[in-house]
Amino acid sequence: MHNVTLIKGDGIGPEISDAVLKIIEAAGIKINWDVQTAGADVAEIEGDPLPKRVIESIRKNKTALKAPVTTPIGKGFRSVNVRLRKELDLYANLRPCKNIDGIKTPFENVNLVVVRENTEDVYAGVEEKIDDDTMHSIKIITRKASTRIVKYAFEYAKKYGRKTVWAVSKANICKLTDGLFLECARKVSEEYPEIEYKEILVDALCMQLVQNPSKFDVLVMPNLYGDIVSDLTAGLIGGLGVAQGANIGLDCAVFEPVHGSAPDIKGKNLANPSALLLCAVQMLKHLGENEGAKKIENAFYKTIKEGKVLTADLGGSATTTEFRDEIIKNL
Ligand code: NAI
């Protein structure tokens with residue numbers, strides 16, 4: 001049996017986690033869940049929103065499924081998500097983005113992957129107050145992190161038969177930082193002559209993504225661009241409700257949806273559990289549970305394609321639990 005750390009998060013986190021656990025259970029997959037709490041409520045009791053026990057649990061189990069955790073805006077504690085990625089050195093954030101049959105969008109044949117560097121850039125948390133009217137934030141880009149993320153993107157392309165890796169930057173403006181990122185990308189690309197290497201500026205990429213997204217394949221980029229672009233690409237296939245993600249390091253992997261804790265619909269049984277479910281499918285494949293993963297994936301795609309029982313964000317009127325039960329029926 002697999003041991004997996006489960007962080008149910010807050011906001012809609014617990015509701016979508018429960019739905020996903022029930023679907024996995026109904027598919028007959030046995031997982032020993034090591035449930036860990038994190039976030040604002042935990043901070044009040046334990047003095048830290050991300051206590052050591054959570055990190056230790058993931059280190060021990062090597063795999064985690066994580067629902068969203070709220071981050072206070074503009075003040076309060078540092079993002080639990082960012083800290084988790086940093087402490088476990090989950091350097092690669094992977095966001096596959098493919099059209100789902102049954103979800104209507106203006107775009108067809110979208111099948112791309114955003115590979116986002118996850119540990120540095122302005123997310124390093126190096127900020128300072130100069131005076132009341134001036135704040136500084138320092139963008140950190142290193143050769144080590146840039147080289148390993150681009151390598152990860154090329155290895156991913158090789159493993160999954162992808163044809164092209166695009167390096168995304170703003171090197172025309174951020175000449176030193178993004179310039180170093182591009183220098184590393186060019187060097188790494190030489191080791192993979194069988195995969196085409198291309199470069200694009202992040203602003204041009206955004207325009208082209210909403211004009212002709214099907215031309216893109218694997219996109220690798222520093223942290224901040226990756227954060228923004230991957231939400232954009234989630235929109236191309238139906239929005240945050242169906243966008244999956246994974247944070248991968250050398251030792252551990254944390255699977256988590258792209259969307260946040262959606263406080264506006266918390267506790268209303270309205271949340272769409274699809275993104276967390278697709279993350280769980282990705283996690284099951286990672287654990288070698290390919291048959292069970294496929295079974296859940298097929299039941300999910302069938303439910304979406306039939307379009308009879310869908311949550312509101314997908315154009316339906318079903319509750320989280322009704323949608324969950326329809327997937328279980330289709331298993
Ligand atoms: P959000 O993704 O929580 O919500 C944006 C909009 O999408 C809202 O209208 C929400 O109702 C809707 N939405 C999101 N997920 C949905 C789902 N599964 N089903 C149906 N509708 C859904 O983004 P927002 O409002 O910017 O962030 C809220 C909180 O979540 C913040 O504290 C933020 O820091 C945190 N957050 C946490 C993440 C994580 O734990 N990995 C990732 C992103 C944000």
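When a ligand or atom number is given, it counts from 1 through the structure's own listing order. Note that the structure is a prediction, hence the values are computed from the model and not measured.
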- Message: Is the shortest side-chain heavy-atom distance between Val229 and Val202 below 4.5 Å?
- Response: yes
- For atom 37 (C) of ligand 1, closest protein heavy-atom neighbour: Val69 O, 3.3 Å
- Item | Taking atom 4 (O) of ligand 1 as the reference point, the nearest protein heavy atom with its distance | Ala262 CA, 4.3 Å
- Message: Closer than 4.0 angstrom, basic N to acidic O: yes or no for Glu297 and Lys294?
- Response: yes
- Does the pair Arg116/Asp121 count as a salt bridge with the N-to-O cut at 4.0 Å? no
- Message: List ligand 1 atoms under 4.0 Å from Ala271, heavy atoms only on the residue side.
- Response: 19 (N)
- Query: Taking only heavy atoms of Lys66, which atoms of ligand 1 are found under 4.0 Å from at least one of them?
  - Reply: 39 (C), 40 (O), 41 (N)
- Item | Ion pair check, Arg59 and Glu56, cut-off under 4.0 Å | no
- Measure from atom 11 (O) of ligand 1 to every heavy atom in Thr311, Leu276, Asp264 and give the option owning the shortest one. Asp264
- Query: Between Arg162 and Asp217, does at least one N-O distance fall below 4.0 Å, as a salt bridge requires?
  - Reply: yes
- What is the nearest protein non-hydrogen atom to atom 38 (C) of ligand 1, stated with its residue, atom name and distance? Asn81 ND2, 3.6 Å
- Query: Crowded around Glu183 CD? As in, over 12 foreign heavy atoms under 6.0 Å?
  - Reply: yes
- Could you tell me whether Asp178 and Lys139 have a side-chain N and a carboxylate O separated by less than 4.0 Å? yes
- Item | Which residue and heavy atom of the protein sit nearest atom 31 (C) of ligand 1, plus the separation | Thr71 N, 4.0 Å
- Query: Which residue holds the protein heavy atom closest to atom 16 (C) of ligand 1, what is that atom called, and what is the gap in Å?
  - Reply: Ile12 CD1, 4.0 Å
- Task: Record the part of Asn272 in heavy-atom contact with ligand 1 below 4.0 Å; permitted values are side chain, backbone, both and neither.
- Result: both
- Distance below 4.0 Å between atom 29 (C) of ligand 1 and any protein heavy atom? yes
- Item | Which segment of Thr70 sits under 4.0 Å of ligand 1 when only heavy atoms are counted | both
- Message: Can you check atom 19 (N) of ligand 1: any protein non-hydrogen atom closer than 4.0 Å?
- Response: yes
- Item | Residue and atom name of the nearest protein heavy atom (relative to atom 21 (N) of ligand 1), distance in Å to one decimal | Ile265 CD1, 3.6 Å
- From Glu128 CD over to Ile138 CD1, what is the distance, rounded to the nearest 0.5 angstrom? 5.5 Å
- Task: Please write down residue, atom name and distance for the protein heavy atom closest to atom 43 (C) of ligand 1.
- Result: Gly260 CA, 3.5 Å
- Message: Would you call the rings of Phe300 and Phe323 parallel, tilted or perpendicular, taking 30° and 60° as the class edges?
- Response: perpendicular
- Query: Is Leu232 linked to Val242 within one hydrophobic cluster, defined over Ile, Leu, Val, Met, Phe, Trp and Tyr using a side-chain heavy-atom separation of less than 4.5 Å?
  - Reply: yes
- Task: May I ask you to identify the nearest protein heavy atom to atom 6 (C) of ligand 1, giving residue, atom name and distance to one decimal place in Å?
- Result: Leu240 CD1, 4.8 Å
- Counting each atom of ligand 1 from 1 as listed, which ones have a heavy atom of Val258 under 4.0 Å away? 42 (C), 43 (C)
- Determine whether the side chain, the backbone, both or neither of Pro263 has a heavy atom under 4.0 Å from any heavy atom of ligand 1. side chain
- Item | Numbered atoms and elements of ligand 1 in range of Glu256, under 4.0 angstrom, heavy atoms | 41 (N)
- Query: Under 4.0 Å between a Lys/Arg side-chain N and an Asp/Glu carboxylate O for Asp10 and Lys266?
  - Reply: no
